[in-house]
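Below: one structure, written as structure tokens.
Numbers restart at 1 for each chain; the letters A, B, ... are given by sequence-line order, proteins then strands.
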There are 2 protein chains.
Amino acid sequence: MLYIVGLGPGSAELMSPMAQNALENVDVIVGYTTYIKLVKEYIKDKEVVNTGMKREIDRCKKAIELAENGQDVAVISSGDSGIYGMAGLIMEILASQNSNLKIKVVPGITASIGGAALLGAPLMNDFCHISLSDLMTPWEIIDKRLNAAAQGDFVICLYNPKSKGRPNHLKKALDIISTYKGEETIVGIAKDIGRKKEKVIVTTIKDLDDSIVDMTTTVIVGNKFTKVYNGMMYTPRGYNL
Amino acid sequence: MLYIVGLGPGSAELMSPMAQNALENVDVIVGYTTYIKLVKEYIKDKEVVNTGMKREIDRCKKAIELAENGQDVAVISSGDSGIYGMAGLIMEILASQNSNLKIKVVPGITASIGGAALLGAPLMNDFCHISLSDLMTPWEIIDKRLNAAAQGDFVICLYNPKSKGRPNHLKKALDIISTYKGEETIVGIAKDIGRKKEKVIVTTIKDLDDSIVDMTTTVIVGNKFTKVYNGMMYTPRGYNL
């Protein structure tokens, strides 16, 4: 059996018992080096297949091969394994190989949900997730989705907001969003969620200093009704109090 | 301290250790009767405040009052407490009362993530959450968001898809979505996730029989590239295999 396991945002406190059980019981754990460090207590005498970033196709193919040979294998992702994670890639490979391998996706708490809990309650009304990485999605599609999401006044969770290779994507995205929502729209930043360096900031599009934003950061842009209280942000649901 | 705790989709296996610890350590647990049943092993000699559906404002006010009087209180929601859950309502009430009460939001696995794991990997590309309940959001806004989300070809997670009071909302929503995406678009249905009666169906907009859909169901509509393999649905991320 091949388990595709979401570890949650980073701390053991947010990893589900289902994920813990899978990691305890498999023969092999497969993952990107950074994530293998998060599960070191489960490794003990297990086989570990770890490779660096951008080697995920190799890792997934190896995991499938081992599972097809009868071993129980866990492929790990941070957050949820089905949200920009490894579950989809595994399924793409299985389909391309016409394989009947049985898989089990073990869900996890994705960065937006972990970040939202630290920021307050920004996701109380309809929301979107958009990845600003154009490695695999052309910028024209990302641009179109940013326009659609802002026009619909969704709360918008931005994944992969900025990296060395794309230092201006967050700024470009916020420029598009503020055309519809205005520059006073509340923005929350959650960085290194569930880790020692964890940090959150609540600000506005206008006042955002994006120098702290990198690939370990989730950015949540409120809707037109999102408010700040006691340093936290929340989006009203529409109750009559 | 007031904890606002997300229980996950329903099974203990998907409730985080952070949620379990909060439930073990508080003096009072507050929640809708159905959710109190999910945490009965934590109750023992604790005080329980439970009321029926649509009494959530009363419950949250009571929880705030108890916490302000020095007790440790947990308000529980299924799924994630910040996604159409109790966290936002608590913050709205605190703001209206100008209260400085300290709160801690404990995140959980929301229905779309739990459902996606059972369905395969539908959320591998940009996606939206839209609630079809017009109890607190006017249908005009829901309609606008359905149009925006479909136009941007987001994967769309529909919460509260249908109830006795609004039997036609899912049909109306799918009619709007199929205008942009086409009737052959893949749809996944996840019902009673993490419970004994758990059921998933993978179909298309055209072939969907919505008679099994009710308030315990999450509907996930794919994007134009979402595919079916081995009875599961997945949305390609864009890898070159």
- line: dist Ile83(A):CD1 -> Arg237(B):CZ (nearest 0.5 Å) comes out at 11.5 Å

message: I want to check something: taking the side chain as every heavy atom from C-beta on, are Leu135(A) and Tyr239(B) in contact at a cut-off of under 4.5 Å?
response: no

query: So which of Cys157(B), Ala148(B), Gly152(B), Pro107(B) has the biggest tally of heavy-atom pairs under 4.5 Å with chain A?
result: Pro107(B)

- prompt: Which residue out of Ile57(A), Asn21(A), Asp80(A) racks up the most heavy-atom pairs below 4.5 Å with chain B?
  reply: Ile57(A)

- request: Identify which of Gly6(A), Ala87(A), Pro236(A) forms the greatest number of heavy-atom pairs closer than 4.5 Å to chain B.
  value: Pro236(A)

field: Part of Met91(A) lying under 4.5 Å from any heavy atom of chain B
entry: both

- prompt: Can you tell me how far the CG atom of Leu241(B) sits from the NZ atom of Lys61(A), to the nearest 0.5 Å?
  reply: 6.0 Å

Option that, when pairs with chain A are counted at under 4.5 Å, heavy atom only, ranks first among Ala19(B), Ser81(B), Pro17(B): Pro17(B)

Partner chain A: residue of Thr137(B), Leu89(B), Asp153(B), Thr235(B) with the largest heavy-atom pair count (under 4.5 Å): Leu89(B)

query: Is the count of non-hydrogen atoms from other residues, nucleotides or ligands lying under 6.0 Å from Lys104(B) atom NZ greater than 12?
result: no

statement: So CG of Asn98(A) and OH of Tyr229(B): to nearest 0.5 Å the spacing works out to 4.5 Å

task: Please state whether the side chain, the backbone, both or neither of Ala150(A) comes within less than 4.5 Å of a heavy atom of chain B.
output: neither

- line: Max heavy-atom pairs within cutoff under 4.5 Å with chain A, candidates Ala116(B), Gly108(B), Ala149(B), goes to Gly108(B)

Best-contacting candidate, Cys128(B), Ala121(B), Ser16(B), against chain A by heavy atom pairs under 4.5 angstrom: Cys128(B)

message: Between Leu118(B) and chain A, with a heavy-atom cut-off of 4.5 Å, which part of the residue counts as in contact: side chain, backbone, both or neither?
response: neither

- line: Highest number of heavy-atom pairs under 4.5 Å with chain A among Ala117(B), Ser11(B), Gly120(B), Gly238(B) belongs to Ala117(B)

statement: In this structure, CG of Asp126(B) is separated from CD1 of Ile142(A) (nearest 0.5 Å) by 7.0 Å

Greatest number of heavy atom pairs closer than 4.5 Å to chain B - which of Ser99(A), Pro9(A), Ala12(A): Ser99(A)

Asn100(A), part contacting chain B, at a heavy-atom distance under 4.5 Å: both

Expected output: side-chain Glu92(B) to main-chain Tyr234(A) donor-acceptor under 3.5 Å: no

message: Nearest 0.5 Å, please: how far is NE2 in His129(A) from CG in Leu123(B)?
response: 9.0 Å

- line: Ranked by heavy-atom pairs below 4.5 Å to chain B, first place among Gly88(A), Gly114(A), Pro122(A) goes to Gly88(A)

field: Beyond-backbone contact of Leu94(B) with Asn230(A), side-chain heavy atoms, under 4.5 angstrom
entry: no

message: Nearest 0.5 Å, please: how far is CD1 in Ile113(B) from CD1 in Ile109(A)?
response: 8.0 Å

Ser131(A), part contacting chain B, at a heavy-atom distance under 4.5 Å: both

message: Could you tell me if the side chain of Ile130(A) sits less than 4.5 Å from the side chain of Phe154(B), heavy atoms only?
response: yes

